Every structure is written in C-alpha cells, then in structure tokens.
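Notes follow the structure.
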Amino acid sequence: NQETFATLWLIALLIPIIKIAKKDDEIEKEEPSNSLRELLSKTFSTTACGCFAGILSYFSRKNFFSELVGDYNRIIGPLASRINDSVALFIDNVDECFDAQREMWYSAQFALVSAVYKAVRLNPKFKIYVSIRKEAFLKFQSMTSMSLQYEGVSLVINYSKGELRDIYDKNIRVEKSRCMIASEHQLKHPILAFLGTEQIKHSYVSELEDAFDYIYRHTLKRPRDFMEIGATISKIPISERDPAKPQGLRILKDAINEASAKIADSYMQEVLPHTLVDRNDIDQLFSLIESNVITKNDLKEICKRFNNKVNCVGAGCKSQC
C-alpha cells in the first residue's frame, strides 16, 4: 500500500545519508537485523535509488520488510536524526522507472514526496531534491490532507521564453564548432552560428520570422524539446541544411517539423495512459484539422465529421454547437 511504499523510500533515503556521513559503523553497535546488515554490505546502498532498487529486489524474502521497519524505528531513524553534517541528495527520472504501470507510476512518486517530507522533518540538515511529474503532483494534492504542507516545500518549474532562449544559446556555445554553419558567431550570436540565419522565411507569404521564435512555436515550451530539435538539426550535414540555399532552407524546416512531430507523439504517449481518451480518436481528430486557424464554423464541421453526424446537436455536443 501507499504507506508501505513511503516507508521503503524513507529507508532508502536515510541509509545512503548515514553512509555518506560515515555513521554506518554505529549501526553495528545497535545489533541490526540480518536484512539491514546485508543491505549495508552492498555497493548499491550508497545511493538512494540504488538502495530503493535493492530493497525491492529483496522484498519478497520472508520477514525482510518487517525487519527493516524494526531497524528503522530502533536504529536508522534515531541515528539519522543525530547527524550534524549537512547532506544533499538529488533524485530525478523516477517517473521513467515506473512508466509501464499507471498506478505504480503515481504511487512511486506519491510515496517519494511523502518520504522526503518525513526525512527533512526528521533532520533539517538533510537537503533532498526530487523531481516528479506535474500530473502526479496534482493528483497527489487531491488525495491527501497534507497538500498544503507538500506544496509549501515544492517548486513548480516553468521557464519563460527568455530563459528557454538562454538555455538554447548556452547549449549551442558548448557544441562542437564542426556543427556550426558560421562558427565565428558561436559565442556572440549562437543561433546564427548554428542555423546560418537569425530569420526564417515563411513558406507561403513574404514574411520573415525570428529563427528562435520559429523553433519556439514548434515545442511544448520545455528545455528537452529544444534539445530534441537541436539534435535533429545537428545530424544533418551542414552542406545540406544551409538556409542560404532554397533546398537547404526546406531541409532545415523539415528537420524542425520532424522533431516537433516526435515531441508531440512522445507527449501523447506520456499523458494518454492517465486519461480516458483513446489514441485512435485523437489521431482521427487531428487528421480533420487542416489549419492552425479555425473558425467556429470550422469547429462545427470538424465535430460533425468526427462524430459522423449530419449535425452535432444531439450527438453529445452542447446545444450551442
């Protein structure tokens, strides 16, 4: 259950902290269980995630968990509370480890937040930083009376457009010069150096758009999206993607569109397991949208075609439709 999961995480957090603080020799003085002795002897117990994985691998053994809980109450918790050294732990990508099972995906992140909160209350010298998905945190808030407490020690990470540009610029500056079209501009004008232009011409009208803005609107406003687009562009030989040539500009745009489609598909795969929406319905709906500007009449027509109805009133749509 959830409480058991949180206890596992709590033990997995505190054992590496005790080892980092070089206090693990004090555990032996308290006559720990064989389960804890074995856990401490493993090299994986020096990290929280390694320790957690190790605990899960031993979990089916008879009395293993009950012995660890006893050790926590009698030895681990009291010893951790007495540590005077400041210790920092960083844990990331927990959601990826449990991606195959939706309920486990939520539970693992719920339990980690709960365990971190208990650990830092046990000893304020512990600084434990973990990342969890926003979808999980929002659901967690609706399921616990501790939502305000957890929210008070949490930071929702959002990046402004300017911050995303800074991240993109910095990544280009440390990229190999052989990936640059105009490497002489790499430090002062990184996007110009990488793309060979700071403006991209629209395919159908005589309008020029800032090159970063063009990339920006092909993302979901996350740093990893910009890295995905950058990596896709980098794979194309410079001679082929030179925007000074009509063919090169088309290849550059195609690369950005390809990466954008991959980003969108990856996002759909991430969020659909947490909804009641069928992927086939999403694909069918998207196939009916032929423009990025849609009028009210367009929406009505899309609704009718999607539901295969002559008109959408009475087909589950609101009467205003």
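What you are looking at is a predicted structure, and each value in this text was computed from that prediction instead of being measured. For this chain, numbers begin at 1 and follow the sequence in order.
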Between D254 and R250, does at least one N-O distance fall below 4.0 Å, as a salt bridge requires? yes
S266 side chain to I263 main-chain N or O, any donor-acceptor pair under 3.5 Å? no
Spell out, as yes or no, whether a donor-acceptor pair under 3.5 Å connects the side chain of T46 to the backbone of T43. yes
Going by heavy atoms in the side chains, are I55 and C51 under 4.5 Å from each other? yes
Mind checking whether F5 and F52 have parallel, tilted or perpendicular rings, split at 30° and 60°? parallel
Under the side-chain contact (heavy atoms from CB on, under 4.5 Å) criterion, do V116 and W9 qualify, and how do the steps go? CA-CA 8 Å; V116 169; W9 265 123; over 6 Å; no
Can you see which heavy atom on P16 is nearest to which on A12, and at what distance? CD-O, 2.8 Å
Is E30 paired with R74 through a side-chain N to carboxylate O contact shorter than 4.0 Å? no
CD1 of I181 to CD1 of I233, rounded to nearest 0.5 Å, is 9.0 Å
Show your working on side-chain hydrogen bond (donor to acceptor under 3.5 Å, both in side chains) between S45 and K19 and close with a plain yes or no. CA-CA 8 Å; S45 65; K19 298 189 80 168; 2.9 Å; yes
Might you point out which heavy atoms bring A255 and T232 nearest each other, and give the distance in Å? O-CG2, 3.6 Å
Within-4.5 Å side-chain heavy-atom neighbours: E209 and Q199: no
Same cluster or not: F110 versus Y129, using hydrophobic residues (I, L, V, M, F, W, Y) connected whenever any side-chain heavy atoms lie under 4.5 Å apart? no
Tell me whether L56 shares a hydrophobic cluster with V69, the cluster being built from Ile, Leu, Val, Met, Phe, Trp, Tyr side chains joined at under 4.5 Å. yes
Approximate separation, where rounding is to 0.5 Å, of L14 CG and S81 OG: 9.5 Å
Less than 3.5 Å apart, which donor and acceptor atoms pair up between the side chains of residues 152-170 and the rest of the protein, not counting sequence neighbours?
unit_1	atom_1	unit_2	atom_2	d
S154	OG	Y150	O	2.5
S160	OG	E163	N	3.1
S160	OG	E163	OE1	3.4
K161	NZ	D213	OD1	2.7
E163	OE1	S160	N	2.9

Backbone N or O of G54 within a donor-acceptor pair of the S57 side chain at under 3.5 Å? yes
Between D242 and L252, is there a side-chain heavy-atom distance shorter than 4.5 Å? no
Q284-N280 side chain donor-acceptor pair, cut-off 3.5 Å: no
Minimal non-hydrogen separation, K23 against L79, with atom names: O-CD2, 3.6 Å
Is it the case that the side chain of S291 and the backbone of I294 share a donor-acceptor pair, with hydrogens and angles ignored and the cut-off at 3.5 Å? no
Determine, step by step, whether R61 and E67 satisfy the salt bridge (Lys or Arg N to Asp or Glu O under 4.0 Å) criterion, reporting the C-alpha distance in whole Å, the side-chain angles of both residues, the deciding distance to 0.1 Å, and the verdict. CA-CA 11 Å; R61 290 190 187 180; E67 286 184 353; over 6 Å; no
Checking side-chain hydrogen bond (donor to acceptor under 3.5 Å, both in side chains) for the pair S131/D92: CA distance, chi angles, key distance, verdict? CA-CA 5 Å; S131 65; D92 193 14; 2.3 Å; yes
Short question: side chain of D71, backbone of S33 - any donor-acceptor pair under 3.5 Å? yes
Indicate yes or no: does K304 engage E301 in a salt bridge with an N to O separation below 4.0 Å. yes
Would S260 and N257 count as having a side-chain donor-acceptor pair, cut-off 3.5 Å? no
Is the backbone N or O of V277 less than 3.5 Å from a side-chain atom of D281, with the two atoms forming a donor-acceptor pair by type? no
Between D225 and R222, does at least one N-O distance fall below 4.0 Å, as a salt bridge requires? yes
Residues in side-chain contact (heavy atoms from CB on, under 4.5 Å) with E31, at least two apart? none
Looking only at heavy atoms, what is the nearest atom pair of R178 and I238, with distance? O-CD1, 3.1 Å
Aromatic ring pairing Y214/H218, orientation class (parallel under 30°, perpendicular over 60°, tilted between): tilted
Could you measure the distance from the CD1 atom of I20 to the CD1 atom of I15? Nearest 0.5 Å is fine. 12.0 Å
Looking at every heavy atom in both K253 and I200, which two are closest together, and how far apart are they? CE-CG2, 3.4 Å
Taking E175 for its side chain and M180 for its backbone only, find out whether a donor-acceptor pair lies under 3.5 Å. no
L39 and F44, any side-chain heavy atoms less than 4.5 Å apart: yes
Against the six-membered ring of F194, is R241 placed for a cation-pi contact (under 6.0 Å from the centre, within 45° of the normal)? yes
Which atom pair, heavy atoms only, marks the closest approach of I172 to Q186? O-NE2, 3.0 Å
